[in-house]
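Read the structure below first, then the notes.
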Number of protein chains: 2
Amino acid sequence: MLTIGTLAKKTGTKVQTIRYYEQIGLMPEPGRTEGGQRRYGDAELDRLSFVRHARQLGFSLDAIRELLDLSDHPDKSCAEADAIARRQLKQVEQRLARLEALRTELKRMVRECSGGQTSDCRVLEVLRDHSECLTEHQDIGA
Amino acid sequence: MLTIGTLAKKTGTKVQTIRYYEQIGLMPEPGRTEGGQRRYGDAELDRLSFVRHARQLGFSLDAIRELLDLSDHPDKSCAEADAIARRQLKQVEQRLARLEALRTELKRMVRECSGGQTSDCRVLEVLRDHSECLTEHQDIGA
DNA sequence: TTACATCCTCTAGCTACTGTAGGTTCAAGC
DNA sequence: GCTTGAACCTACAGTAGCTAGAGGATGTAA
């Protein structure tokens, strides 16, 4: 049986994050010692590893909830899991495209800055006048 | 003079966002009508455009605060603005690298999914076992 | 004058955690 | 058996950057 601290170390998670996942129902309520401390088994270790790995791949907690549910029902069709992954891939690709446009624009700003006074700073000038931008960057690049 | 709604439309901002910027001191307190409604001039329009443009380029509100301050002092050196932009460029490039790793991994997951039952779904399998990943993706790809 | 779009303040909610305060439990060493 | 100190507990507040809603006041055109 693992303490919450050991589980945290094994999965690269903070203790508070594990308690948070329990609170929002992503992790089950574990057994407790007589004194009220949480104790975890292998099933919980696997589940938390799954969650953390999916987070590292950028899945939202809601998406992870769905994936966990699918994982709990081996008889269900794989199509749903596939759809969730494809959706995530699409999001990643959209963000990549946005970030690439940002990089282009930022690079240009930095390159053109000649290092004088702010009165004729290219960086500030470009920020002041959107029409100087060559690329589109409508959405905020989160 | 512009109402808050008109200013919002001209800059592609939500009305609430403008009030929020005022609240956190990013936008100045504007003049008011007798009835207490906000009225804006061209200076505010320029300032908000600057803010929104910087946001589109991914700058944080704190960074924007610094940039605005520099923009208000034309005699200061350009070096600071340049440093802020370079820092932002670096962040964008780091995020790009992370997202590219994620894309690789997600593509592989999706490609290998053969569409059967979840019991032998590649997507879920990869999530269960990190060691199946070819690329590194330590940080959460935000 | 009346209708109604737009404005006002205030508060709460979103994601996904992270940090802190103030107190309790566990396990090792003596 | 007793002490010590690390790790645990709950509860609540805070982070970024907005966004939404309630409930009421204002502005403007017909």
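Per chain, numbering begins at 1; letters A, B, ... match sequence-line order.
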Return whichever of B:Q23 or A:T17 has its heavy-atom-nearest nucleotide of DNA chain C closer to the 5' end.
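Per heavy-atom nearest nucleotide, the more 5' residue is B:Q23.
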5'-most contact on DNA chain C: B:V15 or A:D62, nearest heavy atom basis?
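The answer here is B:V15.
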If the condition is salt bridge (charged side-chain N to carboxylate O under 4.0 Å, His left out), which residues does A:R86 pass it with, not counting sequence neighbours?
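Testing A:R86 for salt bridge (charged side-chain N to carboxylate O under 4.0 Å, His left out), a comparison that skips the adjacent residues, returns A:D82.
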Take atom [atom1] of [X] and atom [atom2] of [N], then tell me their distance rounded to the nearest Å.
X	N	atom1	atom2	value
A:R19	C:dT20	CZ	C1'	12 Å
B:I64	D:dG17	CD1	C1'	10 Å
B:I18	C:dT9	CD1	P	13 Å
A:Q16	C:dT20	CD	P	10 Å
B:E22	C:dC8	CD	C1'	12 Å
A:I4	C:dT18	CD1	P	14 Å
A:I24	C:dC17	CD1	P	8 Å
B:R65	D:dA16	CZ	C1'	12 Å

A quick test of your reading: do over 12 heavy atoms of other residues, nucleotides or ligands sit less than 6.0 Å from [atom1] of [X]?
X	atom1	value
B:D42	CG	no
A:E66	CD	yes
A:K76	NZ	yes

When the nearest nucleotide of DNA chain D is assigned to B:K14 and to B:T3 on a heavy-atom basis, which residue is associated with the more 5' position?
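Upstream on the strand: B:K14.
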Can you sort out which residues in residues 28-42 of chain B have a heavy atom within less than 4.0 Å of DNA chain D? Ascending by number, please.
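Residues of residues 28-42 of chain B under 4.0 Å from DNA chain D: B:T33, B:G35, B:Q37.
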Closest to the B:R55 side chain: D:dC9, C:dC17, D:dG17?
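Nearest listed nucleotide: D:dG17.
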Scan A:Y21 against the nucleic acid and name what it touches under 4.0 Å (heavy atoms): base, sugar-phosphate only, or nothing.
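Counting heavy atoms under 4.0 Å across all strands, the contact made by A:Y21 is with sugar-phosphate only.
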Under 3.5 Å, is there a donor-acceptor pair between the B:Y21 and B:R47 side chains?
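Not at all, the side chains of B:Y21 and B:R47 share no donor-acceptor pair under 3.5 Å.
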Strictly by modelled atom types, are A:R128 and B:S49 linked by a side-chain donor-acceptor pair under 3.5 Å?
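There is no such pair between these side chains.
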Would you compute the distance between atom CD of B:E112 and atom CZ of B:R122 and round it to the nearest 0.5 angstrom?
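CZ of B:R122 is found 4.0 Å from CD of B:E112.
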